[in-house]
Amino acid sequence: MDQTTELKNILSRELGFAIKRGIGKKFALIYPNVYRVGMSNLGMHVVYDTINRRAEFSCERFFLPDARLLTQLERSREVLLSVETQTPLFKFPIIGFNISFELDYFNVLKILQLGRVKLRAEDRGDLDPIVIAGGPCATFNPAPLSTIIDAFVIGEGEVIMPNLLDVLSSSNGLSRRETLENLAAVDGVFVPSIRQSKVKRQWLKELEAPPAHTVIVNDNSELDMYLIEVARGCGRHCRFCMAGYCFRRPRVHSLDTIIDQIENAARFGKKIGLMGAAVSDYPYIDEVCRFIIDNGLKMSVASFRADSVTKTLVESLAASGTKTLTIAPEAGSDRMRAVINKGITEDHVFNTVELGLAAGIRHFRLYFMIGLPFETLDDVSEIVALGNRLKDHVGERVRLTLSINAFVPKPFTPFQWQPMADRKYIERAFDLIKTGLKRRGVEVITDSSRSAIIQSILARGGRELGDILLAAPEPKSFARALKDAELPLKPRGIDEELPWDVLDQGFDRRYLLDELKRAEARQSTRPCFDGCKRCGVCDWS
């Protein structure tokens, strides 16, 4: 099947897409991964709808081709086309990437190359597209892509996009430099080629109604659901979690708003996917679950916490066909969970398992990290011990899976100064866990240590990585090029200027340093609460 036929086939299975022929401003919206992954990203739906609601803009989608089509395009040197009208990428004056994961940086380069767009920002002239990037990776650390991207959206698109689109709408007749200068004047837009003071993250102080939800209904996405955002941000203060710091403060939609959205979604016959950092923290979760089940619908959740999960939520998931219950203790011991401020205990884990067993669920998957700050191999052994205790509890007829990932220090967290564990330690920890649980029949899935190290380098790297990415645009070649680049894996100096210091998330390093000290002392930090003034975000304007 050729590219055009495949794209038309995609459209034939979708509801809600927009084709606006003859519109003056064409905007290419790109998710730098395959269609199945990209269409499961709620941000893609929101931005697509936001742009197409503007009469003067026409937004069309691009994705990384699957392996078969990618090989075909590379061999034939055929240009990458849009989903909606099969228009070549280079013909769009505005290109916008939604980047959620550092390892997709390689796909950004691949897509621009397939679309015949110049890779280096400084090489683009007045007739070339303006290339913009948003999403979590842009908000946290734009430096590694600053050689490639013209402008970054720092924060939540609903706040920034209207003003950004105003600038782009009025850019006819302006030089590239003038357009970039105008973009740099928009609150929440960082333009690497323009000197700016710190760029403040922009965010919705109160969530709007209707909430973020599926706009294009399809049957070929990784999450085959109708997605509805119930909450945004998280106030749990897990010290490893970049989203927990950079999407503050936690905000929720009203119960009536969510009920209305579920009623709107019901006509599509899809499973309802409730989205949020920790859906079980949503204050009306039981009411939402009962409404979904009582109306003959099925549901799933993006995530839940073992200390706030309810019997109603677990029973609703089981009634919806959920076969596997996922729990994230993150660490095997109370000591390490205190270091990361996870806030759950082993009792919470066992209680969640009990709720699942009572609801008829017979597969439990637990997520852990190794290589955390202040961790030793004794702490890794505690993961094995917990796995064994759980296996004793659930018995041989219940499947238990442990998914183990190497910890990656991220910007704007208390651990941003901490080193990444070296590859030898990571592999040793993986082997310790596998060996310790093999005889018990516990399935152990480990992350790629090489991928984790590359992710760490990209997450905390500076602008110098742009030239390396351009010279080595594949993970294997990039890894080879970085053999001598050890700095990102080492500790960062407390007084060191960091690549992401050009951004302002609403709190300063003194707050993060205090949290780092509390981590080392294994002191807990209370979740966000009304009247809380600790980090400064809620007082920030």
Side-chain angles (χ1 to χ4, degrees), residues 140 233-250 277-278 280-281 303-309 327-352 366-383 385-386 405-421 425 429 459-460 491-496 498 505-540:
F140 305 146
C234 182
R236 289 293 196 145
H237 294 247
C238 296
R239 295 182 177 121
F240 61 87
C241 181
M242 189 163 57
Y245 286 85
C246 295
F247 291 146
R248 289 189 186 171
R249 63 182 165 84
S280 55
D281 282 353
S303 64
F304 66 79
R305 285 182 55 98
D307 59 344
S308 61
V309 68
I327 310 167
E330 311 292 4
S333 64
D334 287 337
R335 188 186 87 85
M336 286 309 301
R337 285 192 291 271
V339 167
I340 62 177
N341 202 49
K342 182 63 182 179
I344 68 172
T345 65
E346 191 166 311
D347 286 344
H348 290 132
V349 175
F350 275 83
N351 178 63
T352 303
L366 278 73
Y367 283 91
F368 293 93
M369 291 184 288
I370 54 92
L372 286 161
F374 316 117
E375 176 189 282
T376 68
L377 287 176
D378 287 341
D379 296 305
V380 177
S381 296
E382 288 297 321
I383 296 175
L386 176 55
N405 297 298
F407 165 70
V408 175
K410 293 293 182 84
F412 294 112
T413 69
F415 297 150
Q416 66 179 5
W417 296 282
Q418 295 295 297
M420 169 92 184
Y425 177 90
R460 296 194 299 162
R492 293 280 193 179
I494 296 301
D495 297 321
E496 179 183 347
L498 301 171
Q505 302 292 343
F507 46 79
D508 61 30
R509 68 176 59 205
R510 288 172 298 179
Y511 163 70
L512 295 179
L513 281 169
D514 182 61
E515 281 296 302
L516 179 60
K517 292 174 183 176
R518 294 177 71 82
E520 188 170 11
R522 300 190 296 279
Q523 293 177 335
S524 65
T525 294
R526 183 181 173 187
C528 294
F529 55 91
D530 289 341
C532 167
K533 304 293 182 184
R534 292 169 297 181
C535 74
V537 167
C538 291
D539 282 341
W540 191 47

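Side chains are part of it too, since the values below use all heavy atoms of this structure and drop only hydrogens, waters and symmetry mates.
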request  = Please report the C-alpha distance between Cys238 and Arg305 in whole Å, then the side-chain angles of each, then the deciding distance to 0.1 Å, and finally whether the side chain to side chain contact (heavy atoms under 4.5 Å, CB included) criterion is met.
outcome  = CA-CA 12 Å; Cys238 296; Arg305 285 182 55 98; 3.8 Å; yes

| task | Compute whether any side-chain donor of one residue and acceptor of the other, for Thr525 and Asn341, lie under 3.5 angstrom apart. | result | no

| field | No-hydrogen, no-angle side-chain donor-acceptor test under 3.5 Å, Thr376 and Asp379 | value | yes

Atom pair [atom1] ([X]) and [atom2] ([Y]), whose distance is rounded to the nearest 0.5 Å:
{"X": "Asn351", "Y": "Glu346", "atom1": "CG", "atom2": "CD", "value": "12.5 Å"}
{"X": "Ile327", "Y": "Tyr367", "atom1": "CD1", "atom2": "OH", "value": "11.5 Å"}
{"X": "His237", "Y": "Arg518", "atom1": "NE2", "atom2": "CZ", "value": "10.5 Å"}
{"X": "Phe412", "Y": "Arg460", "atom1": "CZ", "atom2": "CZ", "value": "13.5 Å"}
{"X": "Asp281", "Y": "Arg236", "atom1": "CG", "atom2": "CZ", "value": "4.0 Å"}
{"X": "Lys533", "Y": "Cys538", "atom1": "NZ", "atom2": "SG", "value": "7.0 Å"}

Can you name the nearest heavy-atom pair linking [X] to [Y], along with the distance?
{"X": "Val339", "Y": "Pro373", "value": "CG1-O, 3.7 Å"}
{"X": "Gly233", "Y": "Ala277", "value": "O-CB, 3.8 Å"}
{"X": "Ala331", "Y": "Met336", "value": "CB-CB, 3.6 Å"}
{"X": "Gly371", "Y": "Phe407", "value": "O-CD2, 3.5 Å"}
{"X": "Thr413", "Y": "Phe240", "value": "CG2-O, 4.2 Å"}
{"X": "Arg522", "Y": "Arg335", "value": "CD-CG, 3.0 Å"}

Would you say that [X] contacts [Y] through its side chain, given a criterion of any heavy-atom pair below 4.5 Å between the two side chains?
{"X": "Phe140", "Y": "Gln416", "result": "no"}
{"X": "Phe507", "Y": "Glu515", "result": "no"}
{"X": "Asn405", "Y": "Phe368", "result": "no"}
{"X": "Cys535", "Y": "Arg248", "result": "yes"}
{"X": "Ile383", "Y": "Leu386", "result": "no"}
{"X": "Met242", "Y": "Pro411", "result": "yes"}
{"X": "Cys246", "Y": "Lys410", "result": "no"}

- Ion pair check, Arg337 and Asp334, cut-off under 4.0 Å: yes

- With no hydrogens and no angle check, is any side-chain donor or acceptor of Gln418 less than 3.5 Å from a backbone partner on Phe415? no

- Task: Mind telling me whether Tyr511 and Tyr245 have parallel, tilted or perpendicular rings, with 30° and 60° as the class edges?
- Result: tilted

Review point. Stepwise, does the side chain to side chain contact (heavy atoms under 4.5 Å, CB included) test hold for Arg509 with Leu498?
Key: CA-CA 11 Å; Arg509 68 176 59 205; Leu498 301 171; 4.2 Å; yes

